[in-house]
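Before any comments, here is the structure.
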Protein chains: 2
Amino acid sequence: MDKDKIDKKDHILDVAEKIFSDLGFDGASTRMISGEAGVNMAMLNYYFGSKEGLFLAVFERKISSFQTLLQNIGNDESMSSWDKLAKCIDNYVERIIVNNCFQKLINRELSMSKRSELSDKITQILMVNVLEIKKILDDGIKNGTFFKDTDTPLAIATIFGTKNYIINTPNISSLMLGHDVRDEKYLEEQLKPRVKTYMKRLIKAYLVNDNDNTK
Amino acid sequence: MDKDKIDKKDHILDVAEKIFSDLGFDGASTRMISGEAGVNMAMLNYYFGSKEGLFLAVFERKISSFQTLLQNIGNDESMSSWDKLAKCIDNYVERIIVNNCFQKLINRELSMSKRSELSDKITQILMVNVLEIKKILDDGIKNGTFFKDTDTPLAIATIFGTKNYIINTPNISSLMLGHDVRDEKYLEEQLKPRVKTYMKRLIKAYLVNDNDNTK
DNA sequence: TGCACTCAATCAATCGTTTGATTAATTTTG
DNA sequence: CAAAATTAATCAAACGATTGATTGAGTGCA
């Protein structure tokens, strides 16, 4: 039946996403993916044409779900600049667990030196998030809520970069934290609230500081 | 002569570093490296044991000088905790931006979770640097210089993560900053001092804050 | 029968590594 | 000192394994 075919393709994409995320494009083999997915190896080429076609299919599926997710970021006029930013941070940290293996894929692709159509597409989509936060920061500086000499681009790099570091280098962050950051229970119950608290305190100390912050 | 042998090994390491950085560990082949370096393929195994051994040799050469630098800072009794940390940040920013293509490689390999042998060794080497900074932070907390409720592991994640984000996602950070972060002149003359200033101000605001920082 | 799907078997290419022979350099020995 | 013995360095060739991809025979359903 048609639905079964779609389910099977989707299942292959699920497995491929995981394996590509763990091992990279070169490190992942088509045999491994087909074996893990429980399908014949020839199915990958039959469905997706090639290994690269499979990789692109994984990406496009994720990106389309990303785009709809981004649409419900609204601008609440009743909130202060800081409350908006705090809510952004909370929401952002909240989402790191759901897509964390895909996040690794995205960052690895973006770090490749060659400029591809794919990385341009990813950049464009991620910039929506970035610009959302940038707008909040700029507004807050304009209305005097935030430190006027704030380095906005670097502050954004800190928010995204800190999270990326924890997720993308799990070996190191696990050693630092004393727990396996890949353990979902620990992630949900301990690390998530901890990162939220830390990130807001860090950013607030930098942005909303009324003593001498110039040296 | 002995010096020639060292020069040849060094030349191989130079070439290997470039190719590994461009293509990743899996993407780079031993044939490509030996061909580019103008040596017989067997020499790689003769000198470095294996492809992985070659990679680790490249890696250790890169990081060893930074490691001793960090240790010298940490062991300097004449500096305050904050001055030590500030110097670490300065040196770190100074260093990574020069070697940014290799840094990207390291992060790519680390983000692949399953390759046990290689990533474990990289982790082990990088942890020396992490622990050096952790020691400075812990000392500063103990002697009252730093905020007592500092989340040390996450603060470290911020230092490393912010820098990683800037250089690993050059497309995005270039758009944010309004300049191409891959332009070496801009990197050297503008971005580097800017990141140093920002990073120290950010960390200081978080660590050395005497007003209410608990909410 | 016709069509979409599935499979084991196999393809050529490339991978990292090993081998055995050869040359260059060094040390030991008479 | 010179010949001999030993070690180190280098090379072309080939190793077995694995890679992504293809084949052609078969499957079951419409």
Side-chain angles (χ1 to χ4, degrees), chain A residues 1-60 105 108-109 112 114 116 118, chain B residues 1-60 105 108-109 112 114-122:
Chain A
M1 205 190 289
D2 197 35
K3 189 169 170 294
D4 284 347
K5 187 187 75 180
I6 293 175
D7 283 350
K8 177 166 283 186
K9 287 179 80 165
D10 238 47
H11 177 239
I12 293 174
L13 289 173
D14 286 339
V15 173
E17 178 183 322
K18 168 108 180 63
I19 294 183
F20 276 137
S21 298
D22 286 345
L23 303 174
F25 182 80
D26 291 316
S29 76
T30 54
R31 278 172 180 79
M32 200 180 303
I33 293 171
S34 61
E36 196 79 21
V39 301
N40 190 275
M41 211 177 52
M43 299 307 300
L44 303 188
N45 294 81
Y46 181 74
Y47 278 138
F48 307 102
S50 67
K51 183 188 183 183
E52 188 176 310
L54 172 61
F55 185 77
L56 288 171
V58 169
F59 252 107
E60 308 241 348
L105 243 189
R108 192 177 306 125
E109 179 64 23
M112 295 292 182
K114 64 168 195 288
S116 65
L118 185 59
Chain B
M1 204 192 289
D2 196 37
K3 188 170 170 294
D4 284 347
K5 187 187 76 180
I6 292 175
D7 284 349
K8 177 165 281 187
K9 287 180 80 166
D10 240 45
H11 177 239
I12 293 175
L13 289 172
D14 287 339
V15 173
E17 180 181 325
K18 168 103 179 65
I19 294 182
F20 276 137
S21 298
D22 286 344
L23 302 173
F25 181 80
D26 291 315
S29 75
T30 54
R31 280 171 179 80
M32 201 180 303
I33 293 170
S34 60
E36 195 79 21
V39 302
N40 189 274
M41 213 172 42
M43 297 309 297
L44 303 188
N45 294 80
Y46 181 73
Y47 278 137
F48 306 102
S50 66
K51 183 187 184 183
E52 185 179 308
L54 171 59
F55 181 85
L56 286 171
V58 170
F59 182 64
E60 302 211 23
L105 166 68
R108 273 207 302 271
E109 299 306 323
M112 302 179 189
K114 202 198 156 199
R115 184 176 10 252
S116 52
E117 196 73 38
L118 184 59
S119 67
D120 279 356
K121 279 177 184 165
I122 298 174

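Protein chains get the first letters and strands the later ones, always in sequence-line order, with residue 1 at the start of each.
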Roughly how many Å is it from [atom1] in [X] to [atom2] in [N], rounded to a whole number?
{"X": "A:E52", "N": "D:dA21", "atom1": "CD", "atom2": "C1'", "answer": "14 Å"}
{"X": "A:N45", "N": "D:dA21", "atom1": "CG", "atom2": "C1'", "answer": "5 Å"}
{"X": "B:M43", "N": "C:dG16", "atom1": "CE", "atom2": "C1'", "answer": "16 Å"}
{"X": "A:H11", "N": "C:dC5", "atom1": "NE2", "atom2": "C1'", "answer": "18 Å"}
{"X": "A:M32", "N": "D:dT19", "atom1": "CE", "atom2": "P", "answer": "6 Å"}
{"X": "B:I12", "N": "D:dT10", "atom1": "CD1", "atom2": "C1'", "answer": "11 Å"}
{"X": "B:M41", "N": "C:dT18", "atom1": "CE", "atom2": "C1'", "answer": "10 Å"}
{"X": "A:L44", "N": "D:dT22", "atom1": "CG", "atom2": "P", "answer": "13 Å"}

### Message
Tell me if a side-chain donor or acceptor on A:K51 pairs with a main-chain N or O of A:A28 at a distance below 3.5 Å.
### Response
yes
Which heavy atom of [X] sits nearest a heavy atom of [Y], and at what distance?
{"X": "A:L23", "Y": "A:M32", "result": "CD1-SD, 3.4 Å"}
{"X": "A:V15", "Y": "A:I33", "result": "CG1-O, 3.7 Å"}
{"X": "A:S50", "Y": "A:N45", "result": "CA-ND2, 3.9 Å"}

#### Entry: Stems formed with participation of DNA chain D [Watson-Crick or G-U wobble, under 3.5 Å, three or more pairs]
C:1-30 with D:1-30
[X] side chain near [N] phosphate (N/O to OP1/OP2, under 4.0 Å):
{"X": "A:Y47", "N": "C:dT6", "value": "yes"}
{"X": "B:S50", "N": "C:dG16", "value": "no"}
{"X": "B:N40", "N": "D:dA9", "value": "no"}

### Query
Would you call the rings of A:F25 and A:F20 parallel, tilted or perpendicular if under 30° counts as parallel and over 60° as perpendicular?
parallel
### Query
Under 30°, 30 to 60°, or over 60°: which ring-plane class applies to B:F59 and B:F55, parallel, tilted or perpendicular?
parallel
For the side chain of [X], counting heavy atoms from C-beta on, which of [options] is nearest?
{"X": "A:Y46", "options": "C:dT19, C:dC5, C:dA8", "result": "C:dC5"}
{"X": "B:K51", "options": "C:dA4, C:dT17, C:dT10", "result": "C:dT17"}
{"X": "B:R31", "options": "D:dA9, C:dC15, D:dT22", "result": "C:dC15"}

### Task
For B:T30, answer base if it contacts any base atom (sugar-phosphate contacts may also be present), sugar-phosphate if it contacts only those atoms, and nothing otherwise; contact means non-hydrogen atoms under 4.0 Å.
base
### Beyond-backbone contact of B:I12 with B:L54, side-chain heavy atoms, under 4.5 angstrom
yes
